[in-house]
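Structure first, commentary second.
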Protein chains: 2
Amino acid sequence: MLHIDNIEKYLRDHEISPSYQRKRIFEYLYNSKKHPSVNDIYSFLIDDIPTLSKTTIYNTLNLFIEKNIVDSIIIDGNELKYQICDSKKHGHFKCKSCNTLYDIQIDFDNLNIDSLKGFDIHEQSFYFVGICEKCKNNNKV
Amino acid sequence: MLHIDNIEKYLRDHEISPSYQRKRIFEYLYNSKKHPSVNDIYSFLIDDIPTLSKTTIYNTLNLFIEKNIVDSIIIDGNELKYQICDSKKHGHFKCKSCNTLYDIQIDFDNLNIDSLKGFDIHEQSFYFVGICEKCKNNNKV
DNA sequence: TTCTCTGCAAACGCTTTGCACGGAT
DNA sequence: ATCCGTGCAAAGCGTTTGCAGAGAA
């Protein structure tokens, strides 16, 4: 797991001038165990920053993506989710019942997929949808 | 690869009354090597069926999905792509250069991912983005 | 007739764009 | 004074919904 002890420095190191909004958005992403959407970020920060607009969140996230410190993922097709880039590649499992998005560690390097021979891979994504163990036990789905 | 020799019967067998539009949309999906979007289907069929509307394509595809004969996939986050359901699970590789979407055969059963133990998996998706061999050779990207 | 299918028009939700104000340097 | 970040308002785009007319049985 990526460890950052100084967000302001981290942003500067990635050529991002650390405005208050940008720091708070990054901080929320960094501390979040989930993979928040723009609305999640907005709902969380609006109490602290009453003037905050979603445009700023979109601007900021797109800047972060451009500077390669944040990734966007899409599971359902409705809204984008964001997460701090992590060198360790992982996939996702989305529980249909509780809507939790779990990180799934996958050893991509050992996949050895024949049909990918000769292709340059820049990005990869792997996800599952189903029912998580917790919901299976609680709700007997 | 799924083989269907009578589309009308295939639709009836899946509780779908085979209207002309539905047959043509299914036929296009079935013959298409790509994974067409609604716009792809519309562009292809509009010459033959000048009254065709995108609403009908959406209606039809959603009906097909409901009846489990078509899957929708999303790679980029902008528009949905559709494909005939195939029992053999596969992933996708999207070439950034030529925008081709390749099917990638993956042995999902042998993945043995520890963190998925105890989870019920209903859907799974696996994709890569990068440069395909053809584009590497042609354009020396 | 009755029921289903089609397709126009409008609505919807997420994201982007245009632009002007305000703060920092 | 200049530059950059912010945020309102509007536009954009893919998809869904409302609804009425056409067509099948």
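Proteins get letters first, then strands, A, B, ... in listed order; numbering begins at 1 in each. Only this structure's heavy atoms are used, side chains among them; waters, hydrogens and symmetry mates stay out. For clarity, every value in this text was computed on a predicted model and none was experimentally measured.
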- Message: Looking at every non-hydrogen atom in both residues, tell me the closest pair between P36(B) and L29(B) and how far apart they are.
- Response: CG-CD2, 3.7 Å
- For H92(B) against Q83(B), the heavy-atom pair lying closest together: NE2-OE1, 3.2 Å
- Item | Electrostatic pair K136(B)-E133(B), nearest N-O below 4.0 angstrom |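 Salt bridge flag = no for E133(B) with K136(B).
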Between [X] ([atom1]) and [N] ([atom2]), how many Å, whole number?
X: R24(B); N: dC5(C); atom1: CZ; atom2: C1'; value: 17 Å
X: L45(A); N: dG7(D); atom1: CG; atom2: P; value: 11 Å
X: L61(A); N: dC14(C); atom1: CG; atom2: C1'; value: 13 Å
X: R12(A); N: dC4(D); atom1: CZ; atom2: C1'; value: 14 Å
X: L11(B); N: dT4(C); atom1: CG; atom2: P; value: 18 Å
X: I41(B); N: dT15(D); atom1: CD1; atom2: P; value: 10 Å
X: R22(B); N: dT6(C); atom1: CZ; atom2: C1'; value: 9 Å
X: I57(B); N: dG7(C); atom1: CD1; atom2: C1'; value: 11 Å

- Note on the structure: d(I57(B) CD1, L45(B) CG) to nearest 0.5 Å is 6.5 Å
- Query: Can a side chain N or O of S53(A) be found less than 4.0 Å away from OP1 or OP2 on dT6(D)?
  - Reply: no
- Message: Nearest to the side chain of N39(B), heavy atoms from C-beta on, is which of dG14(D), dT6(C), dT6(D)?
- Response: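 Selected nucleotide (nearest to the side chain): dG14(D).
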- Message: Given dG5(D), dG7(C), dT15(D), identify the nucleotide with an atom nearest to the side chain of S17(A).
- Response: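 The answer is dG5(D), which lies nearest to the side chain.
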- Checking all strands, does S19(B) fall into the base, sugar-phosphate, or nothing category for heavy-atom contacts under 4.0 angstrom?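 Sugar-phosphate only.
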- Select base, sugar-phosphate, or nothing to describe what S37(A) touches, counting heavy atoms under 4.0 Å on all strands.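 Result for S37(A) = nothing.
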Under 3.5 Å, which protein N or O atoms sit close to an N or O of nucleotides 16-25 of chain C? Give each pair with its distance.
unit_1	atom_1	unit_2	atom_2	d
dT16(C)	OP2	N62(A)	ND2	3.1

- Query: Does V38(B) reach the side chain of L61(B), with side-chain heavy atoms less than 4.5 Å apart?
  - Reply: yes
- Query: How do V38(B) and T51(A) order along DNA chain D: which one's closest nucleotide is nearer the 5' end?
  - Reply: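 Nearest-nucleotide comparison on DNA chain D picks T51(A).
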- Task: Find which nucleotide of DNA chain C each of K81(A) and T56(B) is nearest to by heavy atoms, and output the residue with the more 5' nucleotide.
- Result: T56(B)
- Query: In a check of ring-ring contact (aromatic ring centres under 6.0 Å, His included) between F64(B) and each of Y28(B), Y10(B), F26(B), which one passes?
  - Reply: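 Filter result, single survivor: F26(B).
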- State, without any angle test, whether D103(B) and H35(B) hold a side-chain donor-acceptor pair at a distance under 3.5 Å.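 Side chains of D103(B) and H35(B): pair found under 3.5 Å.
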